[in-house]
Amino acid sequence: MNKRLTREVALRTTELEQKNIELQAAYQEMEAISLTDKLTGVHNRRFLENQIGADLEKSQRVYTDWHDGKTPQPQQADIVVFMIDMDHFKRVNDEYGHGAGDEVLQQLTQRLALVFRQSDYIVRWGGEEFVGVARFINRSDASNLAQRLLDEVGATPFTLSNGASTCHTCSVGYACYPSALHHNQANDWQTLIALADTCLYEAKNNGRNAWVGIECINAPSANVTDIAIGFFESSAHKDKIKVVTSFTSANV
């Protein structure tokens, strides 16, 4: 009887362990689904909210060590957030229907994946707007990535299932972190998004199919978003901000 009980307990234990493994796998699958955009298969906002804070903290820690004289000037330590928006996307839905618009967005994510690395983030922010996060690069490489985005999106037509094809461009705004290279700052990803969005708006205002980027804002105690908006509206704070664009350079 003892042997039989021992066998039954071992069997039940094995069954419970298997059930736990299955439950864990199901939980992980549900978690992945909750962090993924259903249409395009890329990440969603919730994923970005969960992940980007740790990246900003790591980047700032590297720069803090440099400020304190513990390490050389950082390399491959910057975070760059790109706001990417399809130009005149509404025309696709109006002319071909929302199904065709969905096809274009799915193909767009494939083109974005040709620019960003697997270790980077591609996030559907909403509608035809996407966020790309280049993790731990040199900010001097950001303009090349922005230009590659324009090239990949505009190089070839988007093919629709009804046999039609449609050509599109995109506009890009980006901001680099840390914004202030020589001062510590808060790990505020919402501000970084706002800066990139301000640059995107400027690209749209200058004819679209363009990129605008903020490489640096040296104003540790000021509202950096207000400084960026002020620069674009009236060229204010010229001594505090470095902006580069595809249509002109504004290193000020």
Side-chain angles (χ1 to χ4, degrees), residues 37 40 42-53 55-56 59 78-90 105 108-109 111-112 115-116 120-135 137 139 142-143 145-150 152-153 168-180 185-219 222-237 240-248 250 252:
D37 177 62
T40 62
V42 299
H43 300 304
N44 60 19
R45 285 195 186 204
R46 182 166 177 254
F47 172 89
L48 187 66
E49 292 170 358
N50 290 348
Q51 297 294 325
I52 194 170
D55 289 339
L56 299 186
S59 175
D78 299 321
I79 307 296
V80 184
V81 167
F82 296 82
M83 295 292 292
I84 306 151
D85 188 77
M86 293 283 281
D87 296 328
H88 304 297
F89 180 74
K90 185 175 181 295
L105 293 179
L108 172 64
T109 59
R111 300 188 186 196
L112 298 184
V115 177
F116 292 105
D120 298 331
Y121 305 145
I122 301 174
V123 177
R124 188 181 182 196
W125 196 244
E128 70 274 18
E129 194 169 46
F130 290 78
V131 170
V133 181
R135 304 171 63 233
I137 67 169
R139 67 188 61 207
S143 60
L145 290 176
Q147 186 59 50
R148 284 180 58 195
L149 287 168
L150 299 191
E152 287 292 345
V153 172
H168 294 280
T169 61
C170 71
S171 298
V172 177
Y174 70 82
C176 302
Y177 185 90
S179 301
Q185 64 185 108
N187 304 320
D188 184 355
W189 68 268
Q190 292 95 337
T191 297
L192 196 59
I193 291 286
L195 288 174
D197 196 53
T198 300
C199 290
L200 174 63
Y201 185 79
E202 186 67 13
K204 292 283 189 182
N205 275 351
N206 282 271
R208 296 180 172 83
N209 192 24
W211 55 262
V212 177
I214 293 176
E215 289 195 355
C216 168
I217 299 178
N218 284 308
N223 187 320
V224 292
T225 306
D226 288 346
I227 288 177
I229 293 173
F231 169 80
F232 290 126
E233 290 182 347
S234 62
S235 294
H237 304 290
K240 295 179 180 179
I241 184 169
K242 180 179 179 181
V243 175
V244 291
T245 81
S246 59
F247 46 83
T248 185
V252 294

Heavy atoms, side chains only, cut-off 4.5 Å: are Val153 and Met86 in contact? yes
Output for pair (Ile84 CD1, Ser171 OG), nearest 0.5 Å, gives 11.0 Å
Residues passing the salt bridge (Lys or Arg N to Asp or Glu O under 4.0 Å) test with Lys90, sequence neighbours excluded, are Asp94
Taking it one step at a time, do Ile214 and Thr198 satisfy side chain to side chain contact (heavy atoms under 4.5 Å, CB included)? CA-CA 10 Å; Ile214 293 176; Thr198 300; 5.7 Å; no
Salt-bridge test for Arg45 and Asp37: reply yes if a basic N is under 4.0 Å from a carboxylate O, no otherwise. no
Evaluation steps, side chain to side chain contact (heavy atoms under 4.5 Å, CB included), between Tyr201 and Asn205: CA-CA 6 Å; Tyr201 185 79; Asn205 275 351; 3.1 Å; yes
Measure the spacing between CZ of Arg208 and CG of Leu150 and express it to the nearest 0.5 Å. 13.5 Å
Return yes if some donor-acceptor pair links the side-chain N/O of Asn44 with the main-chain N/O of Phe47 below 3.5 Å, else return no. yes
Can you label the angle between the Trp125 ring and the Trp189 ring as parallel, tilted or perpendicular, going by 30° and 60°? perpendicular
With a 6.0 Å cut-off (strictly less than), is the heavy-atom count around CZ of Phe89, excluding the residue itself, greater than 12? yes
I'd like to check Leu108 versus His168 (side-chain heavy atoms, cut-off strictly below 4.5 Å). Are they in contact? no
What closest approach, in Å, do Trp211 and Ser143 show between heavy atoms, and which atom pair accounts for it? CH2-CB, 3.5 Å
State, to 0.1 Å, how close Ala203 and Phe247 come at their nearest heavy-atom pair, and which atoms those are. CA-CE2, 4.5 Å
Knowing that exactly one of Val243, Val212, Ile229, Thr245 qualifies, which makes a side-chain contact (heavy atoms from CB on, under 4.5 Å) with Glu202? Val212
Closest non-hydrogen contact found for Asp85 with Lys204 is OD2-NZ, 2.6 Å
If you define the side chain from C-beta out and look only at heavy atoms, does anything of Met83 sit under 4.5 Å from Cys199? no
Closest heavy-atom contact between Val224 and Leu195? O-CD2, 3.7 Å
Evaluate Val133 against Val123 for side chain to side chain contact (heavy atoms under 4.5 Å, CB included), listing each step before the verdict. CA-CA 8 Å; Val133 181; Val123 177; 5.5 Å; no
Rounded to the nearest 0.5 Å, what separation is found between the OH atom of Tyr177 and the CG atom of Leu192? 8.5 Å
Which atoms form the tightest heavy-atom contact between Pro178 and Arg139, and what is the distance? O-NH2, 2.8 Å
Just verifying a value: how many Å separate Arg135 CZ and Asp55 CG, rounded to the nearest 0.5 Å? 4.0 Å
Working to the nearest 0.5 angstrom, can you tell me the gap between Asp197 CG and Gln190 CD? 13.5 Å
Enter the distance from Leu48:CG to Tyr121:OH here, rounded to the nearest 0.5 Å. 8.0 Å
Between Glu215 and Val244, is the side chain to side chain contact (heavy atoms under 4.5 Å, CB included) condition met? List the steps. CA-CA 7 Å; Glu215 289 195 355; Val244 291; 3.8 Å; yes
Shortest non-hydrogen contact from Leu105 to Phe130? CD2-CE1, 4.0 Å
Partner set under side-chain contact (heavy atoms from CB on, under 4.5 Å) for Leu145, not counting sequence neighbours: Phe82, Val115, Ala134, Ile137, Arg148
